Amino acid sequence: MAIERADGLSSKDVVGIATLSPGEIQLILETAEELLEVARRPIKKVPALRGMTVVNLFMEPSTRTRFSFEVAEKRLSADTLNFSASSSSVSKGETLFDTARNLMAMAPDFIVIRHPNSGAPHRLAGVVPASIINAGDGINEHPTQALLDAFTMRLHFGDLRGLKVVIAGDIRHSRVARSNAYLLTKMGAEVRFVAPASLLPVDVETLGVQAFRRLEPALEGANVVMMLRIQLERQKKINFPSMREYYDFFALTEERLAMAAPGAKVMHPGPMNRGVEIDSLVADGKQSVILEQVTNGVAIRMAILYLLAGGRSDSASDS
Ligand code: CP
């Protein structure tokens, strides 16, 4: 049975996929599809967030997510303020809550937050009136990444139901893998996690996915193969013998990709480590949709901002 889209988002915040219903996910995906058209206009701007202020609070490095939010905010005509840990008073010892309280004194409507601690956006959402959007919290969730991944899959396959999606790499430390598992299982896709035992999450049994210790059997019939980098910055020790061995057993090569379903799409949230989890011939090959993911991220982030703005905005597609 088709998933019925919700009338609106039930919370003032988007802190994770875990707290979104299938209907809300459907609403975000369908709204993003309508907003894709804005990027094709000569003047890529609509007035939906005119007069509203968005604070981008990034306490961890980011290229794609940060720029994608900024582009989305500008396309919706919002005023934007950018804070990073290194250039703000966080580097002088100020806590997240003192930073947020000071930001709230400037009355922003939205705070987009990336933070190294799992749960930081959720705690912030409980104490400030602004809408909080999670741009990645520790090893917990990266909801806008999972939404843009699902959006990219929908554009290629039409429906997420029944899709066979392989997610391979350092799953234990990946907020992208966790958000994708929540989203794809809610929407009826089949998710296969692939990693050495040391890089699988301890709660893998609870996520509704199939776990594999080798890539080859998981690739059989796969429609999407999503590769993840090894997050060395989140590990005290390397959890496998060597990078060379990791490449030999777990990298996506052209030979291995040929084991997936014909026309399978290759995805990666970035940043990529070529020659570690993915071969350059695959990353740049005709089955790769890695740069499409980046393009689609803007539409997803526009949709979330627009929907959270709710009745406060003009029509999303007004010019
Ligand atoms: N996908 C992703 O989160 O990339 P960045 O770390 O560059 O934002």
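What you see is a predicted model; the values in this text were computed from it and never measured.
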List the atom of R229, the atom of D170, and the distance in Å for their closest heavy-atom pair.
O-CB, 3.4 Å
Under the salt bridge (charged side-chain N to carboxylate O under 4.0 Å, His left out) test, which residues partner R301, sequence neighbours left out?
none
Would you check if there is a donor-acceptor pair between the side chains of T152 and Q293 at a distance under 3.5 Å?
no
Over 12 foreign heavy atoms within 6.0 Å of CZ, F249:
no
Quick test of your reading: applying salt bridge (Lys or Arg N to Asp or Glu O under 4.0 Å), list the pairs with at least one residue in residues 270-281, sequence neighbours left out, ordered by first then second residue.
R274-D284
Same cluster or not: are M259 and Y247 linked, directly or through other Ile, Leu, Val, Met, Phe, Trp or Tyr residues, by side-chain heavy atoms under 4.5 angstrom apart?
no
Any side-chain donor-acceptor pair under 3.5 Å between E24 and S10?
yes
Could you check whether any side-chain N or O of R175 sits under 3.5 Å from a backbone N or O of G138, counting only pairs where one atom can act as donor and the other as acceptor?
yes
Would you mind listing every side-chain hydrogen bond (donor to acceptor under 3.5 Å, both in side chains) that reaches into residues 204-227, with sequence neighbours excluded?
E216-R256
Excluding sequence neighbours, so at least two apart, what forms side chain to side chain contact (heavy atoms under 4.5 Å, CB included) with P61?
none
Residue set satisfying ring pair (Phe, Tyr, Trp, His ring centres under 6.0 Å) with F250, at least two apart, ordered chain then number -> Y246
So does D109 get a backbone contact from the side chain of T53, meaning a donor-acceptor N/O pair under 3.5 Å?
no
Under 4.0 Å between a Lys/Arg side-chain N and an Asp/Glu carboxylate O for D203 and R178?
yes
Output the distance between atom CG (L147) and atom CG (N180), rounded to the nearest 0.5 Å.
9.0 Å
Just grab all the salt bridge (Lys or Arg N to Asp or Glu O under 4.0 Å) pairs involving residues 142-157, residues at least two apart or on different chains.
E33-R154
